Amino acid sequence: MNYWLMKSEPSSFSIDDLQQVDFEPWDGVRNYQARNFMRDDMKVGDKAFFYHSNAKKIGIAGVMSIVKAGYPDPTQFNPECGYYYDPKSSEENPRWYLVDVCFEQAFHDILPLSEIKKLPELDDCPLTQKGNRLSVMPLQEKHWHAIITLAQQKQLI
DNA sequence: GCCAACGTTGGC
DNA sequence: GCCAACGTTGGC
């Protein structure tokens, strides 16, 4: 099983929104590196942190699981999807992929990025490195467990 | 709202 | 293939 971190701006989609649906197609990712992870590496049963970016409280909001592996993002084919529509993509040769995710648990409060940065185990994690803009990133098992342990210490789980 | 870091685009 | 210009991300 693999571990991941996936970012979303809570003003457009938050962990509370995820909790209210059976599953969610993680659409709209338009970055090749993130695309490759979703298309090639994410498997059913993998776990991912739900990260709130560009928000009042920045950090990890909870845990979700991957319930469907990579498949073409349908919004890229639909001109009505506006910003997500990609005229250079086609159903025969899709450019963008997504996975379906499912709610697992919400932390009682956001685990702040500032706290996560203090973990020595996270020094080699893309999340805490400067200029990182990856919205979907793999985590090492030690990253995952260090974050879970911190959440437990802070009684967020 | 600012701005540093980064990715993409397009002319050459 | 280079690289300047531009757009986006995302923390602060």
Side-chain angles (χ1 to χ4, degrees), chain A residues 2-19 24-42 46-64 66 70-101 103-140 142-144 146-151 153-154 156-157:
Chain A
N2 298 312
Y3 297 104
W4 305 92
L5 182 141
M6 301 169 81
K7 298 179 183 174
S8 175
E9 301 196 10
S11 58
S12 57
F13 189 78
S14 74
I15 188 110
D16 295 330
D17 298 321
L18 181 64
Q19 193 163 8
E24 175 72 11
W26 201 264
D27 59 20
V29 172
R30 297 292 181 268
N31 169 280
Y32 287 102
Q33 225 181 326
R35 187 275 315 261
N36 292 345
F37 289 134
M38 293 202 289
R39 186 188 60 187
D40 305 333
D41 300 326
M42 280 187 159
D46 287 358
K47 292 194 180 303
F49 285 127
F50 192 126
Y51 180 89
H52 281 188
S53 66
N54 252 317
K56 200 167 268 182
K57 288 184 180 179
I58 293 165
I60 293 174
V63 177
M64 52 196 177
I66 310 306
Y71 64 101
D73 181 344
T75 64
Q76 70 193 304
F77 306 127
N78 186 352
E80 292 174 11
C81 287
Y83 179 78
Y84 290 154
Y85 174 61
D86 186 346
K88 293 178 184 166
S89 186
S90 68
E91 309 224 15
E92 299 74 40
N93 188 17
R95 179 177 290 193
W96 305 112
Y97 283 71
L98 50 68
V99 297
D100 289 351
V101 297
F103 177 85
E104 290 277 329
Q105 79 180 145
F107 293 170
H108 299 136
D109 198 356
I110 305 295
L111 180 64
L113 177 63
S114 55
E115 299 283 336
I116 295 166
K117 281 182 172 172
K118 292 179 189 166
L119 294 171
E121 293 92 338
L122 272 283
D123 284 351
D124 59 349
C125 179
L127 180 67
T128 59
Q129 285 162 5
K130 68 160 185 179
N132 149 64
R133 293 166 56 183
L134 250 192
S135 65
V136 174
M137 71 179 73
L139 296 182
Q140 297 175 32
K142 66 167 184 176
H143 299 149
W144 181 273
I147 291 169
I148 291 288
T149 301
L150 178 62
Q153 284 167 0
K154 296 181 71 73
L156 299 179
I157 299 179

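Below, chain A is the first sequence line, B the second, and so on; all start at residue 1. As the structure is a computational prediction, the values presented were derived from the model and not from experiment.
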Inset, instruction - Choose from C:dG11, B:dT8, B:dT9 the nucleotide whose nearest atom is closest to any side-chain atom of A:K88. - result: B:dT9
Inset, instruction - Check the distance between B:dT8's P and A:R95's CZ and give it to me in whole angstrom. - result: 10 Å
Inset, instruction - Would you confirm whether A:R30, through its side chain, and A:Y84, through its main-chain N or O, come within 3.5 Å as a donor-acceptor pair? - result: yes
Legend entry - Nearest-angstrom distance from the residue atom CD1 of A:I58 to P of C:dG11: 4 Å
Inset, instruction - Round to the nearest Å and state the distance from A:I116 atom CD1 to C:dG11 atom P. - result: 10 Å
Inset, instruction - Figure out the NE2/P separation between A:H52 and C:dT9, and round it to whole Å. - result: 17 Å
Legend entry - Atom-pair distance (CG on A:N132; C1' on B:dG7), nearest Å: 13 Å
Legend entry - Ring centroid separation A:W4 to A:F49 under 6.0 Å: no
Legend entry - Value in whole Å for how far the P atom of B:dT8 lies from CG of A:D86: 12 Å
Inset, instruction - Using atom NZ of A:K130 as one end and atom P of C:dC12 as the other, report the distance to the nearest whole Å. - result: 14 Å
Inset, instruction - Measure across A:I15 and A:H52 and return the closest heavy-atom pair with its distance rounded to 0.1 Å. - result: N-NE2, 3.2 Å
Legend entry - Other residues, nucleotides, ligands: >12 heavy atoms within 6.0 Å of A:K142 NZ: yes
Legend entry - Protein-nucleotide distance (A:Q129, atom CD; B:dA4, atom C1'), rounded to Å: 16 Å
Inset, instruction - Using a heavy-atom cut-off of under 4.0 Å over every strand shown, decide if A:K117 touches base, sugar-phosphate, or nothing. - result: sugar-phosphate
Legend entry - side-chain N/O A:K7 vs C:dG10 OP1/OP2, d < 4.0 Å: yes
Legend entry - Distance test, side-chain N/O of A:Y51 to OP1/OP2 of C:dG11, below 4.0 Å: yes
